[in-house]
Structures are given as structure tokens and as C-alpha cells.
Amino acid sequence: MSAAEPDATLGEPIIEVDSLVRHFGKQTVLNGVSFKVHAGDTFVIMGGSGCGKSTLLRHLIGTEKPTSGSIKIFGQEITGMKADALQKLRGRYGMLFQSGALLQSLTVAENVALPLVEHTPLDAGLIDTVVKMKLEQVGLTGHGHKKPSEISGGMKKRAALARALALDPPLVFSDEPTAGLDPIMTAVVDELTQRLTQKIGATVVVVTHDMNSVFRIGTRIIMLGTGANQGRIIAQGTPEEIRADPDPAVQQFINGDPDGDGVDDTGELLYRDMLLRKL
Ligand SMILES: Nc1ncnc2c1ncn2[C@@H]1O[C@H](COP(=O)(O)OP(=O)(O)OP(=O)(O)O)[C@@H](O)[C@H]1O
Ligand SMILES: [Mg+2]
């Protein structure tokens, strides 16, 4: 297929990032990043620790401003957008983050209600009805009155998912949504996220270093480089294309052979190893 020929498998572009650059002081964290996220994609951003994944996500949400480059969301340029317009746009986002997932002082139900209170004119009775429905969808019926400290890690992630999807958002952002979960609970949360986002027809952008998650949920994937390739996209495509990518940095990351001894460790092990070497 030629570059000019549209790919019939892709939906309309929901996010268009062009030549994004971000410096922090002398450090260039994003270095000419361009990609499109299409309707219905589960778009995965992967790469080693410190490669700029979370920074890129914060630019997409508009909490960080680029040094240069353009970001269009639903066709609107967000880089110069005023705070109130950005806030309005965020009413169409669902957001799932590793840190600060749930407000500890509120109950599970109050957490799930937050986006509804902030972004809709619904009265308390209707909000209560929506919250009950969302809790049921994630298997937390009967747990709404509890505080986050009273439920398990997997339940917290599911409560955060219910909150992220409270507004039936057309676009969902998530950063390491399954961090800290064991592989079985990770699969459960991945599967639930996939099922519920597909049900509402949401496009999903997810940052993860978990190789099982990448290939379980990703429909399109980009990998950001480290070292000399810091802040550049070193691979992009479908899961099949990424698996077949000849770049050794990509293969090492997805197959994980940190010692170069031919032993096929997992990407998770490689990631942990990289963190340990940094300590
Ligand atoms: N606000 C900031 N000020 C200065 N440097 C920053 C800031 N935010 C991020 N950085 C730097 O940008 C680089 C990329 O950080 P980022 O958190 O985006 O990486 P990451 O790929 O999400 O890593 P991890 O997998 O560990 O979460 C790091 O070197 C970090 O120190
Ligand atoms: Mg990060």
C-alpha cells in the first residue's frame, strides 16, 4: 500500500500529533513525534523507563504545553487552547492514572460520581443511578459505600475504571492502568477495560510497559526510543508489524533479553532490570 493511499481499516483520525518537541531545560524529552490515533483504536504507547511516555500523554491531555509542534483532538488544535476550552474538552475524556487513582477521603461511589458532578447538570438522584450502573459494570455492586482503603488493589483499579467511564467518554487516556497488579488481575482489568470501552465505542490511548497488555489490547502501537533515540518513535504499526520489526531495540524490548545471552526473558523482566540498574 502506498503512503498516499488511505488504509480502509482505519477509522477517522481522533488525535493528530505533528512534529511534537518538548524540552525540559537542556533535556529533549520529545523529539519530533508524529502519529495519528483513529476512531476505535486501542493505541498503545510503549518504551523503556524515562523515554517520555507519561510526558507525551500529559501533552495529549493538555496539562503540558509543547516546545513546538501541533496536537489536534477531535479536529481542534489544543496547544494554544484557553484553559476553559480545554476543561470543556476534558469532559469528553475518560482518564485512568496509576498515581492518585482514587480520592482517599471519598467513598468509592463518590469517586465514581466526580466526573458527573463536574461535567454534567444531572441531579443527585440521576447521578446515583448512573453510579450504581457503572459500579455494576465493573463488578463492584455493594461496595460503593466503602473507602478506597477498604478494598483490594484490583477493586481500586475497577473503581477507577468506573470513574473514567462515568461519562461514556468517546476518548479514554490511561497511564500504566494495571501497574501493581499480578498477571491474572492485569488480564481481568485489561479484558474489562476492553469490553466496556468497546461497548461505548471509545477510542483508547494507553501507556504501558507490560508486554502481555501491549499485545492483548493494542490495535496500533508506537514505541519511543531511549539513549540516542530519546523522544523519537522508533517503531509503529499493528501488533503484527511491531512483532516483526527488525530493529534490535524493539525486539529486545518486546522479547526481553537483557543479558544478551539468548535467554528469552519477558519485557517485564527487562523493564525491572533497567530500573534496578538505575538505582
Ligand atoms: N516536569 C518535568 N520537569 C523536568 N523533567 C521532566 C518533567 N517531566 C518529565 N521529565 C523528564 O522527562 C523524561 C521522561 O519522563 P516520563 O515520566 O515521561 O517517562 P516515562 O516513559 O513515562 O517513564 P516510566 O516508564 O518510568 O513511567 C525523564 O527524564 C523525566 O525526568
Ligand atoms: Mg510514566
Side-chain angles (χ1 to χ4, degrees), residues 1 3-22 29-47 51-66 69-79 81 86 88-97 161 164-165 167-178 190 193-210 213-225 231-242 245 250:
M1 189 173 61
E5 203 177 314
D7 183 340
T9 63
L10 297 173
E12 59 175 307
I14 301 289
I15 300 178
E16 296 160 272
V17 175
D18 189 24
S19 310
L20 195 65
V21 173
R22 180 61 200 262
V29 174
L30 299 172
N31 193 2
V33 169
S34 302
F35 61 86
K36 287 182 187 170
V37 179
H38 295 85
D41 271 343
T42 294
F43 189 89
V44 173
I45 300 168
M46 68 174 196
C51 71
K53 303 181 295 296
S54 297
T55 302
L56 175 56
L57 204 70
R58 288 199 298 274
H59 280 80
L60 299 183
I61 292 160
T63 52
E64 293 272 359
K65 299 275 174 221
S70 148
I71 303 169
K72 282 190 190 148
I73 303 208
F74 301 123
Q76 292 174 269
E77 179 65 52
I78 66 155
T79 51
M81 206 178 244
L86 254 178
K88 202 167 158 222
L89 197 59
R90 285 198 200 111
R92 301 174 72 188
Y93 302 168
M95 294 188 253
L96 266 171
F97 294 104
L161 180 63
L165 302 184
L167 296 166
D168 286 346
L171 183 54
V172 175
F173 293 102
S174 88
D175 193 351
E176 308 276 6
T178 54
D190 275 351
T193 306
Q194 219 170 4
R195 187 148 43 90
L196 294 179
T197 53
Q198 275 169 9
K199 193 172 164 196
I200 59 179
T203 302
V204 181
V205 179
V206 53
V207 165
T208 183
H209 67 268
D210 182 318
S213 284
V214 167
F215 291 107
R216 186 162 45 223
I217 64 178
T219 57
R220 304 268 157 180
I221 299 165
I222 60 172
M223 178 168 172
L224 296 177
R232 294 182 204 279
I233 295 177
I234 60 167
Q236 62 183 314
T238 61
E240 295 72 32
E241 285 164 345
I242 295 290
D245 196 296
V250 177

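The structure presented is a predicted model; accordingly, all values stated were derived computationally and were not measured. The residues of the chain are indexed from 1 along the displayed sequence.
Residues passing the salt bridge (charged side-chain N to carboxylate O under 4.0 Å, His left out) test with R92: none are found, sequence neighbours excluded. Legend: residues meeting side-chain contact (heavy atoms from CB on, under 4.5 Å) with A202, ordered by chain and number and at least two apart, are V172, T197, I200. For S54, the side-chain hydrogen bond (donor to acceptor under 3.5 Å, both in side chains) test picks out D175, with sequence neighbours left out. Every residue meeting the side-chain hydrogen bond (donor to acceptor under 3.5 Å, both in side chains) condition with R216, not counting sequence neighbours, appears here in chain and number order: D190. Applying the side-chain contact (heavy atoms from CB on, under 4.5 Å) criterion to K72, with sequence neighbours excluded, gives E16, S70, E77. With sequence neighbours left out, the salt bridge (charged side-chain N to carboxylate O under 4.0 Å, His left out) criterion links D18 to no other residue. Under the salt bridge (charged side-chain N to carboxylate O under 4.0 Å, His left out) criterion, E12 pairs with no residue, sequence neighbours left out. The side-chain contact (heavy atoms from CB on, under 4.5 Å) test applied to T238 returns R220, E240, E241, not counting sequence neighbours. Every residue two or more places apart in sequence or in another chain that forms a side-chain contact (heavy atoms from CB on, under 4.5 Å) with Q198 is listed here: Q194. Taking the salt bridge (charged side-chain N to carboxylate O under 4.0 Å, His left out) definition, one finds that R22 meets it with E64, sequence neighbours left out.
Put simply, CG on L196 and CG on L165 are 6.0 Å apart, with the number rounded to the nearest 0.5 Å. Atom CD1 of I45 and atom CG of L60 lie 5.5 Å apart (nearest 0.5 Å). Interatomic distance, NE2 of H38 versus OG1 of T203, reported as 10.5 Å (0.5 Å rounding). In this structure, I221 CD1 and I233 CD1 are separated by 12.5 Å, a value rounded to the nearest 0.5 Å. Within the model, atoms CD1 of I234 and CE of M223 stand 4.0 Å from one another, a figure rounded to the nearest 0.5 Å.
Minimum interatomic distance between V17 and V33 (heavy atoms only, all atoms of both residues): CG1-O, 3.3 Å. Scanning both residues, L20 and H59, for their nearest heavy atoms gives CD2-CB, 4.2 Å. Of all non-hydrogen atoms in S19 and S34, the two that sit nearest each other are N-OG, 2.8 Å. Smallest separation of non-hydrogen atoms from D245 and A235: OD2-CB, 3.5 Å. Nearest heavy-atom pair across L96 and P177 is CD1-CB, 4.5 Å. Summarising the geometry of Y93 relative to P169, their closest heavy-atom pair is C-CB, 3.6 Å, with the distance given to 0.1 Å.
Atom NZ of K88 is surrounded by 12 or fewer heavy atoms from other residues, nucleotides or ligands within 6.0 Å.
Just one of L56, I14, I15 meets the side chain to side chain contact (heavy atoms under 4.5 Å, CB included) condition when paired with V205; it is I15.
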Worked check of side chain to side chain contact (heavy atoms under 4.5 Å, CB included) between I217 and T193: CA-CA 9 Å; I217 64 178; T193 306; over 6 Å; no
Trace of the side chain to side chain contact (heavy atoms under 4.5 Å, CB included) decision for R90 with T63: CA-CA 11 Å; R90 285 198 200 111; T63 52; 3.8 Å; yes
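Applying the salt bridge (Lys or Arg N to Asp or Glu O under 4.0 Å) test to pairs two or more places apart or on separate chains, none has a residue in residues 30-41.
Taking 4.5 Å as the limit, every side-chain heavy atom of L30 sits out of range of all side-chain heavy atoms of P66. Residues M46 and I242 are in side-chain contact: their nearest non-hydrogen atoms beyond the backbone lie under 4.5 Å apart. By the 4.5 Å heavy-atom criterion applied to side chains, I222 and F43 are counted as neighbours.
Between the side chain of K53 and the backbone N or O of L224, no donor-acceptor pair lies under 3.5 Å. In this structure a side-chain-to-backbone donor-acceptor pair under 3.5 Å is present from T219 to T42. Checked by atom type and distance alone, the side chain of S174 never pairs as donor or acceptor with a backbone atom of V206 at under 3.5 Å.
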